[in-house]
Amino acid sequence: MKEIIVTVKNIRHFGSAYCQLTLEVPTSLNIEPGQFAMLKPAGSLEPLLRRAMAFYQSQEINGNTLVDFIFHILGRGTQSLAQLHIGDKVEFLGPLGKSFSLEPAKTTHRAILVGGGVGTPALLILAQELCKEGIDLSIFLGARSINDLIGIEDFSRLNTHLVVSTDDGSFGEKGFVTAALTNFLEENKDKEFTLYTCGPDIMMHRTTEIANRYGIKTYASLEARMACGFGVCVGCVVETKTAQDSVYSRVCVEGPVFEGNEVIWCE
Amino acid sequence: MKEIIVTVKNIRHFGSAYCQLTLEVPTSLNIEPGQFAMLKPAGSLEPLLRRAMAFYQSQEINGNTLVDFIFHILGRGTQSLAQLHIGDKVEFLGPLGKSFSLEPAKTTHRAILVGGGVGTPALLILAQELCKEGIDLSIFLGARSINDLIGIEDFSRLNTHLVVSTDDGSFGEKGFVTAALTNFLEENKDKEFTLYTCGPDIMMHRTTEIANRYGIKTYASLEARMACGFGVCVGCVVETKTAQDSVYSRVCVEGPVFEGNEVIWCE
Amino acid sequence: MSDLINTTSKEESEILAVEIAGIKFKNPVLTASGTFGYGLDFANLIDLNRLGGFCSKGLSPKPMKGNPPPRIVETHGGMLNAIGLQNIGAKAFVTDKLPLLRNYDTKVIANVFGYSLEEYVEAIEILNDGEGIAAYELNISCPNVKQGGIVIGNSPVAAAEVTEAVKRVAKRPVIVKLSPNVTSIKELALAVQSAGADAFSLINTLVGMSIDIYTRRPRIANVTGGLSGPAVKPVAVRMCYEVAQVANIPIIGIGGIANWMDAVEFFIAGAKAIQVGTANYYDPCCTMKIIDGLLEYCQKQNISNISQLVNTLTR
Amino acid sequence: MSDLINTTSKEESEILAVEIAGIKFKNPVLTASGTFGYGLDFANLIDLNRLGGFCSKGLSPKPMKGNPPPRIVETHGGMLNAIGLQNIGAKAFVTDKLPLLRNYDTKVIANVFGYSLEEYVEAIEILNDGEGIAAYELNISCPNVKQGGIVIGNSPVAAAEVTEAVKRVAKRPVIVKLSPNVTSIKELALAVQSAGADAFSLINTLVGMSIDIYTRRPRIANVTGGLSGPAVKPVAVRMCYEVAQVANIPIIGIGGIANWMDAVEFFIAGAKAIQVGTANYYDPCCTMKIIDGLLEYCQKQNISNISQLVNTLTR
Ligand SMILES: Cc1cc2nc3c(=O)[nH]c(=O)nc-3n(C[C@H](O)[C@H](O)[C@H](O)COP(=O)(O)OP(=O)(O)OC[C@H]3O[C@@H](n4cnc5c(N)ncnc54)[C@H](O)[C@@H]3O)c2cc1C
Ligand SMILES: Cc1cc2nc3c(=O)[nH]c(=O)nc-3n(C[C@H](O)[C@H](O)[C@H](O)COP(=O)(O)OP(=O)(O)OC[C@H]3O[C@@H](n4cnc5c(N)ncnc54)[C@H](O)[C@@H]3O)c2cc1C
Ligand SMILES: Cc1cc2nc3c(=O)[nH]c(=O)nc-3n(C[C@H](O)[C@H](O)[C@H](O)COP(=O)(O)O)c2cc1C
Ligand SMILES: Cc1cc2nc3c(=O)[nH]c(=O)nc-3n(C[C@H](O)[C@H](O)[C@H](O)COP(=O)(O)O)c2cc1C
Ligand code: FES
Ligand code: FES
C-alpha cells in the first residue's frame, strides 16, 4: 500500500457519463486482480473524502506504474475526478483490499466472469491473469445500453467466449446478463466452473443464486461508501455469515471480494 | 449591476504572487473608476464566497466587455481564481460600489494619485479618465519591492508625472510612497490638488493626514472582507463620522470610496 | 394586489402554493433574515414577485449601530458573522421600506428581536401599524440583559415568556425562530408551541469562533459569531426532523440550503416551507433556481402539491 | 522503552513536548477515537513513533456488532457517521492489540464507553490489567439505557456520576470527552471537573442527519449520525475557548483539525494538545505534516515550548 501524489497521464471521456483516467505512479505497485485505490484531486477540499476506484489496467515501465481507472460520473467525487487535466496531481492510496484468488479456478480449470455496468472494469485484470494461467474462460457482460458498455474491446481482445447483453438490446443480446448466464450453464451442466462477478448488488445476488443451483462457487466484488479505504473508519461494512451468527465485515479490508454465499445480500 | 456567468479570456501570472485575469462579459457594463466586481470560479464550492476585485481595465467590443483584474494570491479565494484556465467560467456580479468622483479634480484642475501594493490597479481607470479630462496628474505608486509593482507600465504609458517608490529600493526611490508625496507637496505648496488613494489602510491614513496639512481633500478606496458585495449582509462595514456621532457604513454600497476625513481609521 | 404583475404560472402556483398559519405563500421558498436586507436590494437581481416571501433584517424598537468590524469570516463550508443586529429600527421600516415593498407581490415577514420582553412588545406594537406585513418572526437568539444576559432562546421558560407576551399584542401570526444551541430542541419547541406560537422556523446560527494564528486575535471583533451555510445543514435537517415529531404547528426549515435538493431534504424532514440564507450572498439568484428545481422535481415525481412531501421520511 | 527507535529530533522534543495529567507526550498531536482503529492500521502509513499519542476505537466490556449499513455519508465540509461503536471489546484489546502496540513509542489512550455506569466500570477494570495504556478517555456521548436512554453527556449530573464511578476504579488518568450537543458546555465541564476528571477532550460529533431525496430514506441506517470534519471546527474552537475560561485541568482540542494552522487555533483557544479525527481518512499522513508545521511555526515565532501558546487569545 502506497500513500502518494501521482500525475494524470491521460483522461478520456466516453460521452458525458463515463471517464477513463490514466495515472502515472512513480513507483512499482504490485496490484492483484480486484484491488482498488482511493483517489481525489490533490489539494481539493470539496469533496473531502477520496473515492474508491477499482484498478482497470496497470503497466509497469522502468520503476513507474501506469494505472487506469474507468468510472461513472455520478456525484461530487467522480465529477471532481472527471474535471482533471493531463499533468494535474492526484492523491493516491493503494493498492487496497483483498483480491480475487485464482486458486479455485486453477482447480476447476474453467472460470466464468459476470460483469455489470461499471463493475465490469474491475474484472479485466482478473480475466487477463486467468488467460495467462490457461484457464478456459467465459465472460458475460451486461449494461443498460450500448453507451454503458465501457472497455468492452479490451475484453474481446482476450478472445475468450464473450457474451454481451444490454437491457435495451442496443448491443448484443437483449435482457439481463443473468439470463445469458443461465442458458450457458444449462448447456454446460457437466462442467466445473469458478465464477467471479462484479456489478450491481442485485445482479451479483442473482448470479450467486444461479451459480448455487449448478453447484458453482461465486466470488463477488462489493461496493460500499468508504471514508478511509484502509480499515479504520469501519464505515464500509457488509453483513456476512459466521458459523452461528453474522458480523459486519469491512468491504475495504475483508473485501471487496467475498464469497457470494458468505454475504447476506440486502437489496 | 449584472449577475452573470462570464468566460476567462486570458490569465497571466506575475511570479507566484500576482495574477492578471481577463474576463469576457457578454454584455455592456458601464464601469466607473473605483468600482469592483464579486468573482468566483463557476460552480466552485470551496471557498463559497466570491471575492471582491477592483476593475483594472475595461474595454467594450461590439456588445461584449473585456474586463481585467489584478490580484495578489493570498488565501483560498485568490488561489482558486489563480487556478483558472482560458475558457473556464466565472461567476460575476458587478459593477458594484460608489466610484471616485472626477468633479472635485475638475475644480482643482490638478489631481494626485497615491497607490500602494495591490491597491494600485484600482486607480488605473481613474487615471485614464482624469487624463481625458485634461487634468494635470501626478501619480505616486509604492510597493514592497520591484516584484510587487504590477501594471506599472500601464501607468507610465499615460506619461504623467509618475513617482515610484519601493520599501527596499529595488526600484525607484527607496522608502514609503508617503515620503515622496510629502516632498512633492512641499515643492507645490502654492497649487491646489484633489487626492485619490487606494492601498493599505495605514498608507491611506497617513496620506490623508499629509493631505490635510496642505488643505487637500482626499478620496480613499477601502477594503473589507465581503460576503455579498451588494449591501445585504452588512458585514463589510467601516466606521465613519457623522455630524454628532459615528455610524458603520457598508464598504460595498456607501463605499468603497470614502472621503479620507470621513473615515475613522483604526489601524 | 390585482394591479401587480403576477409572474407565477398557473401550474407553478398549483404545485408549489403552501399555507402556513393562515398565510398563503405562492411557493415555499422564502429568504432568511439578515441575508436579504429589507428585500428591495434584490429587486434588480431576482423577480421578487416570484419569491414565496422574505424575512426582513432583524428589527428593534430603535435603530441599532451594530458591532465593530471585522463582522464576518469565511469558514470551511460556511461563514461566521457577528453583525450585532445593525438595523434601521421598526419605525423606519414601516415608514421608509413598507411603502416600496407594497409594490411587490410577495409575503413580507418582519423579523423582530429585543434585549428584554418589553423591547419585543414595543417593536411589535410599532409594526402592528405597518401595512403589508404578513407575519412576525421572533429571533430569540439574543441575550436578555435584564436576566444577566442569558440567551432567551436557550431557555424554554424564557422563550415561552417572550412568545406569550408577543402573542398578546401581535396583530399577525407569530413565527418563533429557534436557536440550535440547545441540548433539546424538542423541549424548546414544545415550550414555545404551548405558549401560542403559530409556527416554528429553525435553525438560527450555531455559535462558533475563528482565530487568526498570526495576530492571535479572534477573526471576528465580537470574538464569537454565528455559523451558517452548507456546513450546518445536517444539524438543521436533524433538528427539523426532531421538532416535526412533536410539533402540531408548521415548521419552516432553515440552515445551509443552497439548491432545490437541499430544500427537498427539509420538506421530507418535516418542514412546510424553507428559508434560504447564506446562499443569497454567493449565489444571489439561487431562490429562483430553487423554485424552478422544485417545480421540475414535483412534476417528475407526480407530486400535485409540494406539501405532500412534508414529513414523509421512510425508515 | 530505550530499545525503541526514537525518531524525534532533540529540538523537536524540546519545542513540542507537553505534559497532560502527568503524562509526558512527545508532542501535542494525537489522533481521535474511531478514526485511528487500534493504531496498528497506521503502522505502514506513518511513523507511529513520532506521533504524540492516539485514542483507540471506543471499547466496551464485551465486543459489539455495530449498526447496519449505510453507516457514513459525506456532507459539505464533513461527514456523518453512525458506526454503532462496533469494537473488539476491552479484553481482546488487552490480549491482542496491546502486546503489538508496546513495540511503539507513542502514548496509547484507551477510549471507553458504556450504556450504563456499570459497563464503564467493567471496561475500565478489564483495561486496568493491560500493560501499555497511558490514560483512559471516556466517551460519554451514548445513551444510558437504564435511564430511559438519555444521553449521559447531555446531563451534567449523569456525566459527573460516570466520571466519579470511573475515577474510583481507574488506575490511570481519566480524560472525559465532552459532547457538544448541549446548551452550556461550561456547565458540563464544571460538573465533570468537580467529579475528579484529570483532563477534558472536546468536541465529540454534533448530531446531524441527511436524507436521500429519491428514496426518502435517511442516508444513514441509524437515521441520525455524528457530524465531524472541517465543517464543525468553528463550533469546536468556540467550545474549547469557553471551557478554557473555567477549566483548571488541561483541555485536548478536537474538531475539524486537518492541518497545523487548525491545531494552532485550538492551542490559542486554550487546548494543550489536539486530536485529529476525520482528516486521518482523507489525508492519512496529515499528523506527520501537522507535527512538521507546528515545529516550523514555533521556530519562526520564537516559541521555545508549544505550551506557551495555550490560552493566549488577545482581544
Ligand atoms: C471497492 C470499490 C471499487 C469501486 N470501483 C469503481 C469503479 O471502478 N468505477 C466507478 O465508477 N465507481 C467505482 N466505485 C464507486 C465509487 O467509489 C463511488 O462511490 C461512486 O462513483 C459514486 O461516487 P460519487 O462521488 O460520484 O457520488 P457521491 O457524491 O459520493 O454520492 C453519494 C452516493 O450517491 C450516489 N449518487 C450520487 N449522485 C448520484 C446521481 N446523480 N445519480 C444516482 N446516484 C447518485 C452515488 O452512488 C454515491 O454512492 C467503487 C467503489 C468501491 C467501494
Ligand atoms: C472593494 C474591494 C476591491 C478589492 N480589489 C482587489 C484587487 O484589485 N486585487 C486584490 O488582490 N485584492 C482585492 N481586494 C481584496 C480581495 O477581495 C480579497 O480579500 C483578498 O484577495 C484576500 O482574499 P483571499 O481569498 O486570498 O484570502 P482569504 O482566503 O479570504 O483569507 C482571509 C483573509 O486573510 C488574509 N490572508 C489569507 N491568507 C493570507 C496569507 N497567506 N498571508 C497574509 N494574509 C492572508 C487575506 O487578507 C484575507 O482577507 C479587494 C477588496 C475589496 C473589498
Ligand atoms: C450575516 C448574517 C446575518 C444574520 N442576521 C439575522 C437576523 O438579524 N435575525 C435572525 O433571526 N437571523 C439572522 N441570521 C440567521 C439566518 O437568518 C439563518 O437563520 C442562518 O444563517 C442559517 O441559514 P443559512 O445557513 O441558510 O444561512 C443571519 C445570518 C447571517 C449569515
Ligand atoms: C467514523 C467515526 C467514528 C468515531 N468513533 C468514535 C468513538 O468510538 N469514540 C469516540 O469517543 N469518538 C468517536 N468519534 C468522534 C471523533 O473521535 C471526534 O471526536 C470527532 O470526529 C470530531 O473530530 P474530527 O472533526 O477531527 O473528526 C468518531 C468519529 C468518526 C468520524
Ligand atoms: S472505508 Fe473505512 S473501514 Fe472501510
Ligand atoms: S459585503 Fe455584504 S453588505 Fe457589504
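Every chain is numbered from 1, with letters handed out A, B, ... down the list of sequences.
- Applying the 6.0 Å contact sphere to NZ of A:K98 captures more than 12 heavy atoms from other residues, nucleotides or ligands.
- In this structure the side chain of A:S246 reaches within 4.5 angstrom of the side chain of D:K65, judged on heavy atoms.
- Heavy atoms of A:L45 lying under 4.5 Å from chain D are absent altogether.
- Closest heavy-atom contact between D:I72 and A:A227: CD1-N, 3.4 Å.
- At a 4.5 Å heavy-atom cutoff, the contact between A:V247 and chain D is made by backbone atoms alone.
- Of all the listed residues (A:D245, A:V253, A:V237, A:V238), the one sharing the greatest number of non-hydrogen pairs under 4.5 Å with chain D is A:V237.
- Neither the backbone nor the side chain of D:Y38 has a heavy atom closer than 4.5 Å to any heavy atom of chain A.
- Using a 4.5 Å cut-off between heavy atoms, A:M38 makes no contact with chain D at all.
- In terms of heavy-atom pairs under 4.5 Å with chain A, the best-connected choice from D:N81, D:L45, D:N44 is D:L45.
- The local environment of CZ in A:F176 is sparse, with at most 12 non-hydrogen atoms from other residues, nucleotides or ligands closer than 6.0 Å.
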Donor-acceptor pairs under 3.5 angstrom involving side-chain atoms of residues 233-240 of chain D: please list them, not counting sequence neighbours.
| residue | atom | partner | partner atom | Å |
| --- | --- | --- | --- | --- |
| D:K233 | NZ | D:D262 | OD1 | 2.7 |
| D:K233 | NZ | D:E265 | OE2 | 2.8 |
| D:R238 | NE | C:V207 | O | 2.9 |
| D:R238 | NH1 | D:E242 | OE1 | 3.4 |
| D:R238 | NH1 | D:E242 | OE2 | 3.4 |
| D:R238 | NH2 | C:V207 | O | 3.2 |

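- Inter-residue side-chain proximity for A:V234 and D:R71 is flagged as met; some heavy-atom pair is nearer than 4.5 Å.
- Contacts with chain A (heavy atom to heavy atom, under 4.5 Å) involve these residues of residues 280-294 of chain D, listed by number: D:N280, D:Y281, D:Y282, D:D283, D:P284, D:C285.
- Other residues, nucleotides and ligands contribute only 12 or fewer heavy atoms inside 6.0 Å of the CD atom of D:E296.
- Among A:R51, A:K40, A:R225, A:R50, the one residue that satisfies the salt bridge (charged side-chain N to carboxylate O under 4.0 Å, His left out) test with D:E74 is A:R51.
- For the set D:P68, D:G66, D:G78, the entry with the most heavy-atom pairs within less than 4.5 Å of chain A is D:P68.
- Under the 4.5 Å side-chain criterion, counting only non-hydrogen atoms from C-beta, A:E3 is not in contact with D:I46.
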